[in-house]
Amino acid sequence: MQTAIKKWFPILALPTVVAFSISFLIPFIMGIYLSFCRFKTVKNATWVGFDNYLRAFANKDFINALWFTVKFTVISVITINILAFIFAMILTKSLRGTNVFRTIFFMPNLIGGIVLGYIWLMIINGVLYYFNATITTNATYGFWGLVILTNWQLIGYMMIIYISGIQNISPDLMEAAQIDGANSFQRLIHITIPQVMPSITICLFLTITNSFKMFDQNYALTAGAPGTKTQMLALDIYNTFYGRVGWQGVGQAKAVIFFLFVAAIALTQLFLTRRKEVES
Amino acid sequence: MAEMVKQRKQKSRTPMKGKDWVKFIILIIISIIFIAPIILVLMNSFKGKLYVSNEPFALPNAESFSGLSNYINGIQKINFFSAFFVSLFVTVFSVILIILATSMCAWFITRIKTWYTKLLYVLFAFAMIVPFQMVMYPMSQVANMLSLDNMLGIVIIYLGFGAGLSVFLFAGFVKSVPVEIEEAAMIDGCGPMRTFFLVDFPILRPSAITVAILNAMWIWNDYLLPTLILSNTRTLPMAIQYLRGGYGSIDMAAMMAMLVLAIIPIIIFYFVCQKYIIKGVMAGAVKG
């Protein structure tokens, strides 16, 4: 059977492999090489060693974007997960209309980042109008605007994951705890949270990577204004590539650093999940 | 009023207690907060430019009501129907191609066990953690060199980018298909292609729906990739961004109207296949 299937490689696997090479594999290798080069187009690149990396770390916008992204990620991850968990707890009690609520909370997740950005631009500017300001008046407004937007987008999604985790807890466990006299807070700390640990790891991973890699929402809501103060990493890289002539090499170096951050987060996550699996 | 509550209580299977009512009301308030942004967009899409920025929270009245002028204005400015058609074309054809190509590829690399299929599997999994910014510049250059900067070319680019997640998910599902039934089909005279499409593909159908939904949502909403690839046409997210125009000159009234038109298809799609969407997104989440 193996040899029969192997003969069909050109039809079965080749289309995907070719497309994958064109849009991912070759650009990825080129990207690593180009991060060590000075270039305006791909064809005339000259090797400059670690120069681009040094320039990237000396670039104020990049460092600012890094801090902005980290602060934003920490705050959004905490708020999204706490709120999503609370909603999930409420919705797993057999209340009337829970399905309708679930449908409503999940909906914003389907709307694209650009559209989301402009929805909230209108609302936040509408509120700030009463204080004679706009979202670009102050970087703090942009920061909290992005946090609110991301919460609105992701709470429903994370909530669905928490709900399935909570529903998997065996009712016997809860009953036993109740008989032993554990109050609802003790049951939450000692049974619910440890039992939904797999859901918590998935949700943390999704919220961290989503917030860290955010581009569209940032681009539509503040576009980095005022100045470049609300620019996140992805937007800073984009602007380095397409906004400054002669900085493509630095842009690519920033992109490699960005990739290493994301990979580090993903691998840490994988490591933690594996360890959990061994324990249980 | 009290009687009505009583009647309702009797109808429901598990009667709600006082505490549950409080929770129920809290949930309704939260739901209103969740829907409010979309209602606000809808409301403001019927107001004049000035009123959108000065009193966005007021209902349209005789003074601020502008009829359909925002819609007409926006549709003309961004060539809405052309953008809508481009988005639809790219999404539909990319999803069809991704489903066909990656399911076959996943079957191939799961059934054939040699060094290069193992390598491919690792590469597909690896592609999922690489952020788009890492490859966007060289990718746009490669696409340009190969003349893929049009609606058909971008479909191939999407196949390449979608391959990571899609092959990974399909490979997981193929593993659960017993090899014995494939062997039986082959003994009965089916070639590999017929075996895959007549035996495996029907079994993989639910997973194909999952993969289709995940990719459709991504491609329909994608902004940056088409911006870098397409040279003469705009997708819907690109058209909406185009309304921003020069620095600080956003026509928010036309913007609101276009947002309404952009959200309506998503909401219809959501209500038609809600069950699959939530299931699909959950399956996609596990990939981490």
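Chain A is the first sequence line, chain B the second, and so forth, proteins listed ahead of strands; every chain is numbered from 1.
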Once you measure the plane-to-plane angle for A:F259 and B:F126, does it fall in the parallel (<30°), tilted (30-60°) or perpendicular (>60°) bin?
perpendicular
Does any heavy atom of chain A fall under 4.5 Å from the side chain of B:I157, the backbone, both, or neither of them?
both
Considering only heavy atoms and a distance below 4.5 Å, find which of A:L12, A:L121, A:L25, A:I26 pairs most often with chain B.
A:L12
Would you kindly say whether A:Q167 and A:T92 are connected by a side-chain donor-acceptor distance under 3.5 Å?
no
Sort out for me which of A:L110, A:V115, A:I104, A:V18 touches chain B most, counting heavy-atom pairs under 4.5 Å.
A:L110
Report which part of A:F87 has an atom under 4.5 Å of a heavy atom belonging to chain B: side chain, backbone, both, or neither.
side chain
Engaged part of B:M134 at the chain A interface, taking heavy atoms whose separation is under 4.5 Å
both
Heavy-atom cut-off 4.5 Å, strictly under: side chain, backbone, both or neither for A:Y129 against chain B?
side chain
For B:I267, is it the side chain, the backbone, both or neither that has a heavy atom under 4.5 Å from a heavy atom of chain A?
side chain
Side chain from CB out, backbone as N, CA, C, O: work out which of these in B:A262 comes under 4.5 Å of a heavy atom of chain A, or both, or neither.
side chain
Taking A:G156, A:A220, A:A263 one by one, which has the highest count of heavy-atom pairs under 4.5 Å against chain B?
A:A220
B:P56 versus chain A, the contacting section by heavy-atom distance below 4.5 Å:
side chain
Checking heavy atoms, do the side chain of B:L228, its backbone, both or neither come under 4.5 Å from chain A?
side chain
Checking B:M256 against chain A: side chain, backbone, both or neither under 4.5 Å from a heavy atom?
side chain
Between B:S31 and A:F101 the two heavy atoms that sit nearest each other are OG-CD2, 3.0 Å
Which bit of A:T209 comes within less than 4.5 Å of chain B, counting heavy atoms only: side chain, backbone, both or neither?
neither
Per-residue contact mode, B:F57 against chain A (heavy atom under 4.5 angstrom)
side chain
Determine the option with the most heavy-atom pairs under 4.5 angstrom with chain B, choosing from A:A13, A:S23, A:A19.
A:S23
Interchain contact, B:I30 with chain A, by part (heavy-atom threshold 4.5 Å)
both
A:V100, part contacting chain B, at a heavy-atom distance under 4.5 Å
neither
Taking atom types as modelled, find out whether A:Q248 and A:Y242 have a side-chain donor-acceptor pair closer than 3.5 angstrom.
no
Quick one: what part of B:L100 sits under 4.5 Å from any heavy atom of chain A, side chain, backbone, both or neither?
neither
Max heavy-atom pair count under 4.5 Å with chain B, selected residue of A:F241, A:F258, A:W152
A:W152
Please look at A:I155 and chain B and tell me whether the side chain, the backbone, both or neither of the residue comes under 4.5 angstrom of a heavy atom of that chain.
side chain
When only pairs under 4.5 Å are counted, which of A:K7, A:M122, A:Q252, A:K213 shares the most heavy-atom pairs with chain B?
A:M122
Residues that A:Y162 engages under ring-ring contact (aromatic ring centres under 6.0 Å, His included), provided they are two or more places apart
A:F85
Please look at B:S140 and chain A and tell me whether the side chain, the backbone, both or neither of the residue comes under 4.5 angstrom of a heavy atom of that chain.
side chain
Heavy-atom count around A:Y130 OH within 6.0 Å, excluding the residue itself: above 12?
yes
Residue B:K113 excluded, over 12 heavy atoms near NZ under 6.0 Å:
yes
Contact class of B:M145 relative to chain A, heavy atoms under 4.5 angstrom:
side chain
All pairs passing salt bridge (Lys or Arg N to Asp or Glu O under 4.0 Å) where residues 253-262 of chain A contributes a residue, at least two apart:
A:D236-A:K254
Against chain B, label A:F212 side chain, backbone, both or neither, depending on which of its atoms sit under 4.5 Å from a heavy atom there.
neither
Less than 4.0 Å between a side-chain N and a carboxylate O, is that true for B:R111 and B:E182?
yes
Measure distances from B:T195 to the heavy atoms of chain A and classify the residue's part below 4.5 Å as side chain, backbone, both or neither.
neither
Quick check: A:F39 with B:Y137 (ring centres under 6.0 Å apart)?
yes
Give the C-alpha distance, both sets of side-chain angles, the deciding distance and a yes or no for side chain to side chain donor-acceptor pair (under 3.5 Å) between A:Q217 and A:T150.
CA-CA 8 Å; A:Q217 292 86 331; A:T150 316; over 6 Å; no
Can you tell which of B:L236, B:I187, B:I266 has the highest number of heavy-atom pairs within less than 4.5 Å of chain A?
B:I266
Less than 4.5 Å to any heavy atom of chain A: does that hold for the side chain of B:M139, its backbone, both, or neither?
both
